[in-house]
Amino acid sequence: MFLDDSRWESYAKNFPRSKRRAKFIAFEGIDGSGKSTIINKVANELKQSGYSVLVNQEPGTTPMGNKLRKLLKTDIPRAKRTELFIQEACRVDIIETRIIPNLYNYDFILNDRYTDSTIAYQGAGNGNDLGLINELNILATREIKPDLTFFIDTDLQLANKRSKKQGNIDEFDRVSNFAKRVYNQYQHLANSKSIVKIPNNNSVDYATKLVMSYLQSL
Ligand code: TYD
């Protein structure tokens, strides 16, 4: 459709000023990778630069998600598939009540964990079928994909030490087979998908700078 300038101006006036959709960023990593610390720092830096930022933590964040997170952290016996569906239910609550309604209200939406966590933990870790997980991820997210996923890549032994609050050195050095499977799955995902690996073995400030440089180029 072609309009001359004057007609185009009056035509454009009838439209609301279009807002930009938030950049949706996911952060992944094993327990003790320093992921949450980096997200906090990144969120603060973005806010200081004048951007509005919404942070979600999976599982959790919503009233229902927080209840389910507490349940997941207990040792109540459950089938592996039950845990998978609870993780997905937490994700649904975040998608429906935090992400979709806010897609045009923020500059950045930062997710502390997203669909790749389920592939790594419930898939490689707990042995649920990866095809089923992919299907559930699609249903739970309504196919909302991150603009960028960061994998905070920390050496497994180091992450294990960081995440253990107490214990002796022998215990520190024993990395469970479960953790190894999760870690290897993340490495596999990071090598095969468009995930940005952020090394975080030494300096959390350097890792934060690296993340910021990617975000600034979006
Ligand atoms: P996180 O909040 O990163 O750890 P922390 O409790 O130390 O703050 O993640 C919570 C746990 O939930 C973590 O062990 C990974 C697990 N998890 C899954 O197993 N599957 C999932 O889909 C998600 C999102 C998390």
Side-chain angles (χ1 to χ4, degrees), residues 24-43 55-62 64-99 109-141 144-146 149-154 156 158-167 172 175-189 193 195 198 200 204 207 211:
F24 177 38
I25 314 294
F27 292 78
E28 296 284 356
I30 54 175
D31 296 82
S33 61
K35 173 177 52 62
S36 304
T37 311
I38 292 172
I39 294 171
N40 264 333
K41 284 176 177 279
V42 167
V55 179
N56 300 311
Q57 183 190 37
E58 287 198 18
T61 308
T62 66
M64 179 57 78
N66 282 329
K67 290 261 182 217
L68 293 172
R69 180 183 174 93
K70 281 204 182 108
L71 262 182
L72 285 165
K73 294 226 169 201
T74 65
D75 54 9
I76 297 176
R78 71 206 74 163
K80 290 180 175 174
R81 236 184 201 218
T82 310
E83 187 167 306
L84 165 63
F85 277 74
I86 295 175
Q87 295 286 3
E88 295 290 356
C90 292
R91 180 159 304 133
V92 168
D93 221 42
I94 287 177
I95 285 280
E96 300 296 316
T97 70
R98 301 268 300 179
I99 295 184
I109 298 179
L110 308 182
N111 249 47
D112 186 341
R113 300 193 177 281
Y114 199 48
T115 47
D116 290 333
S117 282
T118 318
I119 297 174
Y121 284 83
Q122 278 65 50
N126 271 342
N128 284 287
D129 179 67
L130 288 182
L132 171 66
I133 294 177
N134 286 332
E135 277 181 51
L136 291 176
N137 277 341
I138 288 171
L139 290 172
T141 60
I144 293 177
K145 296 194 175 73
T149 296
F150 291 108
F151 168 49
I152 307 302
D153 188 7
T154 302
L156 193 49
L158 178 63
N160 194 44
K161 281 183 198 179
R162 279 189 195 151
S163 65
K164 294 244 165 80
K165 308 259 175 338
Q166 292 159 340
F172 276 163
V175 175
S176 73
N177 284 331
F178 178 88
K180 280 184 199 155
R181 287 199 298 277
V182 171
Y183 180 75
N184 289 339
Q185 181 67 51
Y186 268 132
Q187 291 293 349
H188 176 71
L189 286 171
K193 289 207 316 186
I195 293 180
I198 302 290
N200 186 36
V204 85
V211 169

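Just so you know, ligand 1 is whichever comes first in the structure, and atom 1 is the first atom listed for that ligand. We use all heavy atoms of the structure for the numbers below, so side chains are in, but hydrogens, waters and symmetry mates are not. One is the number of the first residue; the rest follow in order along the sequence.
Listed by number with element, the atoms of ligand 1 under 4.0 angstrom from any heavy atom of Gln57 are 2 (O), 8 (O). Counting atoms of ligand 1 from 1 in the listed order, those under 4.0 Å from a heavy atom of Arg91 are 22 (O), 24 (C). Under a 4.0 Å criterion applied to the non-hydrogen atoms of Lys73, ligand 1 contributes the atoms 5 (P), 6 (O). The Glu58 neighbourhood of ligand 1 comprises atoms 24 (C), with distances under 4.0 Å to a heavy atom of that residue.
Asp116 has a carboxylate O that lies under 4.0 Å from a charged side-chain N of Lys193, or vice versa, which qualifies the two as a salt bridge.
Under 4.0 angstrom from ligand 1, the non-hydrogen atoms of Thr118 come from both its backbone and its side chain.
Across the listed options Glu83, Gln87, Glu28, Gln87 owns the non-hydrogen atom lying nearest to atom 21 (C) of ligand 1.
In terms of protein heavy atoms, atom 1 (P) of ligand 1 is closest to Arg113 NE, 3.5 Å.
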Kindly indicate, with the supporting measurements, whether the criterion side chain to side chain donor-acceptor pair (under 3.5 Å) is fulfilled by Asp153 and Gln187.
CA-CA 8 Å; Asp153 188 7; Gln187 291 293 349; 3.0 Å; yes
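Under a 4.0 angstrom heavy-atom cut-off, Glu88 registers as lying outside contact with ligand 1. Residue Arg69 places a heavy atom under 4.0 Å from ligand 1.
Ring geometry for Tyr186 against Tyr121 counts as perpendicular: the plane angle is over 60°, on a 0 to 90° scale with 30° as the lower cut.
For the ring-ring contact (aromatic ring centres under 6.0 Å, His included) with Tyr114, the qualifying choice from Phe24, Phe150, Phe27 is Phe24, the only one to do so.
Remark: the Ser117 side chain and the Arg113 side chain contain an N/O donor-acceptor pair separated by less than 3.5 Å.
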